[in-house]
Every structure is written in structure tokens, then in C-alpha cells.
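Just so it is clear: chains get the letters A, B, ... in the order the sequence lines come, proteins before strands, and each one is counted from 1.
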Amino acid sequence: MIDLKQFRADPERFRQGARDKNMEVDIDRLLELDEQRRALMAKQESTRAEQNRISKEIGPQIGKLKGQLKKAADDDRAEIEAQIAELEQRPVALKATIQKCDQDLAEIKPEFDALLLKVPQPPDPDVPKGVSEEDNVEKSRWNPDWYDTDKPFAENKGFVPKSHIDLMQAHGMVDFERAVKMAGTRHYALAADGMRLHQAVLNWSFDEITSKHGFRPMSVPVIVREECMVGTAFFPSGRDQAYHIEESSRGAGHDLFLTGTGEVGLMGLHADEILDADQLPLQYATISTCFRREAGAAGKDTAGLYRIHQFDKVEQVVICKADEQESRAWHDRMIAIVEDILKQLDLPYRLLQCCTGDLGPKNADMIDIECWMPSRGETDEHGNPRGAYGETHSASRLYDYQCRRLNLRYRGEDKKTVFCHSLNNTVVASPRILIPIIEMCQNEDGSITIPEVLRPYMNGRERIG
RNA sequence: GGACAGGUGGCGGAGCGGCUGAACGCGCCGGUCUCGAAAACCGGUUUGCCCUUCGGGGCAACGUGGGUUCGAAUCCCACCCUGUCCGCCA
């Protein structure tokens with residue numbers, strides 16, 4: 001959520017921010033409603049102040065008169081009752097005014113709240129302008145010394161690569177047919193060494209992030225209430241992407257939603273809290289199953305393990321002080337952790353600076369990390385794919401946009417409460433990460449060499465097949 | 001799922017419908033005392049919003065939402081949540 005005071009002071013900044021992100025939001029209407037709302041509040045409050053004043057004055061008087069009434073002789077009664085009635089009449093007009101303000105405010109509120117939640121965080125000035133992922137800017141590339149992504153796979157390794165689908169099926173590592181039978185398209189079942197490799201890369205990277213980099217290991221809910229989705233800013237804009245469990249229609253008090261990333265559970269932990277400054281930064285990591293409807297992606301990446309409805313992910317989040325330099329430093333550090341992990345896995349990757357049009361509503365800045373996947377990309381003259389980068393990680397910097405919605409604060413130097421900054425990044429998402437691992441580590445005979453760092457998690461084995 | 005009990009400030013815990021933003025205790029911060037510390041004593045200690053001539057002024061909040069009332073932490077209704085016991089269960 002944006003800061004209303006900043007919004008009033010400089011609405012143009014937010015108008016431009018939404019434009020840069022290609023998002024529709026009626027800034028003028030929000031300004032108008034805000035003005036109406038404040039005028040009504042001012043009127044209501046001053047009326048209420050008046051009412052309180054009168055109330056304090058007549059309260060004791062009424063009390064006293066009612067006491068007298070009990071003991072009074074019959075002929076005095078009428079007189080006392082008249083006095084009470086007169087006193088009680090005094091605030092009546094004020095009450096009507098207050099109620100009218102109440103009604104008017106209640107009428108504005110839903111539209112105001114909905115609109116306010118829709119205003120995206122403006123992109124940082126140093127984020128390149130652009131309309132789609134086409135306009136993202138490559139920042140850097142890394143290749144292991146034995147592979148050059150500018151040359152075809154065959155030139156690098158001396159044979160034409162197979163896709164992860166073929167390789168995994170050959171080794172009985174995956175079963176698409178039965179999974180699709182059970183759950184429909186974009187589902188899969190991992191089997192045998194497929195499941196082992198999946199667990200190995202998750203467990204290894206979880207150990208890296210928690211033991212080596214000091215992030216606190218957590219297990220958090222993946223089924224959450226709507227407030228948690230709104231608080232983490234996945235709603236309202238991403239509502240279509242989340243699976244909705246309609247418990248309310250079965251008589252329960254509220255619906256639930258499946259989370260699309262561990263970020264939701266990790267960030268939701270401290271909602272509505274005021275932390276001590278010395279508790280910060282909080283560094284959390286979780287390993288969680290992620291659920292995504294992939295609405296609007298019909299026909300895209302339909303084969304294999306690239307775009308699926310359910311996967312597992314090791315996620316890192318940082319909650320730090322509201323200091324731009326500090327949160328930028330954390331962003332760099334979280335990206336460096338992923339680079340270290342990908343280097344240890346020996347996977348070619350590149351860093352992409354996402355352009356304004358590719359940012360979500362909550363991000364001020366986002367760096368995507370893509371790994372080289374030999375089975376992707378256009379096909380060459382022999383009908384073999386040329387290979388392409390595919391997104392495997394995404395590192396977001398949010399300033400206080402998310403914590404403001406979550407009402408997550410800390411007590412600053414001057415004892416004032418301040419909204420925290422938050423950041424998040426993938427550590428490893430599997431099975432998608434299995435695509436580059438399996439395809440890059442394949443041998444001419446169809447076997448797969450297990451990356452060295454994963455061998456301790458695979459019973460010491462060196463290869464599959 | 002069944003039966004009770006309960007939701008008040010950082011915590012514990014009061015609270016005849018008006019004087020209660022809230023007693024009391026603990027914790028925390030500041031001060032007195034002391035060479036220093038402890039004890040004792042004194043003072044302070046919620047959050048959000050609105051207005052401001054920047055001195056300050058005002059409103060709201062006792063789980064949530066509605067209602068009764070001139071006036072609600074206190075009365076009524078609905079919902080949510082928590083605890084305990086029983087049943088079921090990885």
C-alpha cells in the first residue's frame with residue numbers, strides 16, 4: 001500500500017508510476033474520494049466533540065434529576081420529567097448530523113479502500129522503462145568454463161541434447177500421464193531418481209541458505225486467509241492466480257487460499273506487530289509447496305516441468321529497517337546468494353533487470369535470474385532447439401509497500417513507529433530447476449551426471465543411468 | 001464434530017451505563033538516594049487518524065460487525081478467535 005500523505009503531496013508520481021507499470025487505476029477518483037472523506041471526517045469529529053462536551057455537562061444533571069424523581073412527590077414529578085426531557089433534547093440535532101456523516105463515509109469507504117489497494121508502488125527511477133519482458137535489460141552473464149552459451153550445445157559437448165522430458169522419461173523419473181489423469185493438465189508426478197533429485201536440490205539449497213547464510217529455517221502455512229493475501233499484496237491484482245478454498249460456502253467463517261510462494265507465509269508471520277529495532281533485520285527461509293492457477297497462460301509452455309500448477313520452492317525473505325541503502329544492500333546480497341548457488345550447480349545463468357512494465361504492483365525493482373535451458377528456444381535447421389534462458393529466480397525490492405499493508409512496523413530511533421522494508425528472492429524452485437540441471441548434466445549415452453554438491457543428498461551417487 | 005469457559009494496554013488482572021484511555025500489580029524508561037549497585041521513593045510509559053497560526057486542538061479504538069441509549073468496555077444480537085475436556089486423526 002502506498003503512503004496516503006505522499007500520495008496527496010505528489011499524486012503525479014503515482015499516476016506516472018502506474019502508467020510505467022501499464023496498470024489502470026483512477027488516480028483522480030482516489031484524490032476526489034480522499035478529499036470527500038477528509039471533509040466528512042472533519043465535520044463529524046467537530047460535531048462529535050460538541051456532543052461530547054454537552055454530554056459531559058448534562059450527564060450528571062440527568063443522573064441527579066433521575067435520583068430526585070424517585071423520591072419526588074407526585075406533583076413535583078411532571079416538573080422534573082420536563083427538565084430531563086429538555087436536557088435530553090439538546091444533543092439530538094448533533095446526533096443526526098453525526099449519523100449522516102457516518103452514512104456518507106460508509107458509502108465512500110468500499111470504493112476508497114479498493115482503489116487505494118490498487119495503486120501500485122511506483123518503480124524506482126533507475127528501473128528502465130518498458131512495456132513487457134521484451135524490454136528487460138541483461139545485466140550480466142555467467143558460464144562455467146566448460147560451456148559457452150553463444151555456441152550450440154552440440155559444439156560444447158559434442159552431441160545433440162535431449163530434453164529433460166525425454167531424459168526423465170527414459171530413466172523413469174517422471175510420470176505425466178498418470179498425474180494428468182488425476183489432476184489435469186500442468187500436473188506431473190516425480191518418481192524414483194526424479195523425486196530424489198528434486199528433494200536433493202531443495203534440501204541442499206535450504207541448508208545453504210539457512211546454515212551458510214544464516215537465514216532462519218521456517219515452515220509456514222500455505223493455506224491462508226484473504227487478509228494474508230491482501231497484506232502481502234498478492235491480492236487484489238493476483239486473485240486469479242490463487243486457488244480459492246470456499247470454506248464459507250460450507251458454513252465456515254472464512255475462505256482460504258493456497259499460496260503461490262512461501263513469501264506469503266513468511267511475510268505474514270509478523271503482520272500487525274511492532275518490532276524492536278534491534279530485532280532487525282529478520283532473515284527467513286522456508287521450503288514450501290507453491291500453487292498457481294496459471295490463469296491467462298493457456299497454451300504457453302504446456303509440455304514438461306516448466307509451467308506447472310504445483311511445485312516446491314525454497315524462498316528467502318528479509319525484513320529490514322526503512323533505509324533505502326540498507327534494503328538495496330540486502331537485495332544485492334540475496335542475489336549474490338543465488339549466484340553462488342547456481343555457480344555451485346555449474347549452471348549458466350544471466351541477471352535481468354526487469355523493466356517497469358514487467359514489475360508487479362508491489363515491486364519498486366526486480367531482478368530476474370534465468371538459467372540456460374538447452375531444450376528451450378527456437379529450433380535450428382535440423383529441428384533441434386537452440387536453447388534459451390528460462391526464468392528460475394526473481395528478486396524483489398519492495399520498500400515499505402508490503403509492510404504497510406501488513407501493518408508491520410518497528411520502533412525507530414525517536415521511538416516513533418516506522419514501517420519496515422521487505423525483500424524476497426527465490427533460492428531454488430523445483431522441479432523447474434531440474435530442467436537446466438538435467439539437460440546441462442546429460443551425457444551422450446543418456447545418463448545424467450549428478451552435480452557434485454548434490455551427491456551427498458543422493459546417497460553419494462555420481463550419476464543417474 | 002460434541003460440552004463448557006473466555007476474549008480489556010508489553011504482560012498479569014479490575015472495571016454499579018456518564019467522573020474510565022481505562023484501577024492495581026509486573027515489566028520498561030527517567031530521577032532521588034549511593035563510591036557504585038540493589039532496595040526504597042518520585043515521575044513517565046498504547047496506537048491510529050484529522051486539523052493546526054507548529055504553541056497545540058480534536059476524534060476514534062477494550063476480539064469484529066451491527067443494535068439499544070442523550071451517553072456503551074459495561075446492555076442486546078450476529079460473527080470471529082482462543083482455552084479446557086470428550087470423540088476422531090497424520
Tell me what A:Lys5 touches on the nucleic acid: a base, only sugar-phosphate, or nothing, going by heavy atoms under 4.0 Å.
sugar-phosphate
Are the side chains of A:Leu266 and A:Met218 in contact, using a 4.5 Å heavy-atom criterion?
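Side chain of A:Met218 against side chain of A:Leu266, heavy atoms only: contact under 4.5 Å found.
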With a 3.5 angstrom cut-off on both distances, give the Watson-Crick or G-U wobble partner of [N], or none if there isn't one.
N     : value
B:C4  : B:G83
B:C19 : none
B:A90 : none
B:A14 : none
B:C62 : none
B:U34 : none
B:G27 : B:U45

[atom1]-based separation of [M] from [N] [nearest Å]:
N     : M     : atom1 : answer
B:C16 : B:A23 : C1'   : 15 Å
B:C81 : B:G71 : C1'   : 30 Å
B:G15 : B:A22 : C1'   : 8 Å
B:G56 : B:U69 : P     : 41 Å
B:G63 : B:U74 : P     : 8 Å
B:G44 : B:A37 : C1'   : 23 Å
B:A73 : B:G17 : C1'   : 11 Å
B:G21 : B:C77 : P     : 26 Å

Rounded to the nearest Å, what distance is computed from the [atom1] atom of residue [X] to the [atom2] atom of nucleotide [N]?
X        : N     : atom1 : atom2 : answer
A:Leu94  : B:G58 : CG    : P     : 17 Å
A:Glu227 : B:C79 : CD    : P     : 18 Å
A:Ile274 : B:U47 : CD1   : C1'   : 7 Å
A:Arg38  : B:U52 : CZ    : C1'   : 13 Å
A:Asn407 : B:G48 : CG    : C1'   : 9 Å
A:Met41  : B:C50 : CE    : P     : 6 Å
A:Glu45  : B:C50 : CD    : P     : 9 Å
A:Leu408 : B:G48 : CG    : P     : 13 Å

Look at [X] and [N] and indicate whether a side-chain polar atom (N or O) is within less than 4.0 Å of OP1 or OP2.
X        : N     : answer
A:Lys95  : B:G71 : yes
A:Ser46  : B:C51 : no
A:Arg48  : B:G58 : no
A:Arg409 : B:G48 : yes

Choosing from B:C81, B:U46, B:C50, which nucleotide comes nearest the side chain of A:Arg411?
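The closest nucleotide is B:U46.
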Among B:C50, B:G18, B:C59, find the nucleotide with the atom closest to the side chain of A:Asn52.
B:C59
A:Ile223 atom CD1, neighbour heavy-atom count above 12 within 6.0 Å
no
For atom CD of A:Glu273, is the number of surrounding heavy atoms from other residues, nucleotides or ligands below 6.0 Å larger than 12?
yes
Tell me whether A:Arg186 is salt-bridged to A:Asp301, with the criterion being a basic N under 4.0 Å from an acidic carboxylate O.
no
Any Lys/Arg nitrogen of A:Arg292 or A:Glu294 sitting under 4.0 Å from an Asp/Glu carboxylate oxygen of the other?
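No, this pair does not count.
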Toward the 5' end of RNA chain B, by each residue's nearest nucleotide, A:Arg8 or A:Gln51
A:Arg8
Pick the nucleotide of RNA chain B nearest each of A:Ala49 and A:Arg225; which residue has the one closer to the 5' end?
A:Ala49
A:Tyr306 six-ring centre to A:Arg432 NZ/CZ under 6.0 Å and within 45° of normal
yes
Minimum heavy-atom distance between A:Asp358 and A:Met366, given as atom pair plus value
O-CE, 3.6 Å
Taking syn as any angle within 90 degrees of 0 and anti as the rest, which one fits B:G83?
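Base orientation relative to the sugar is anti.
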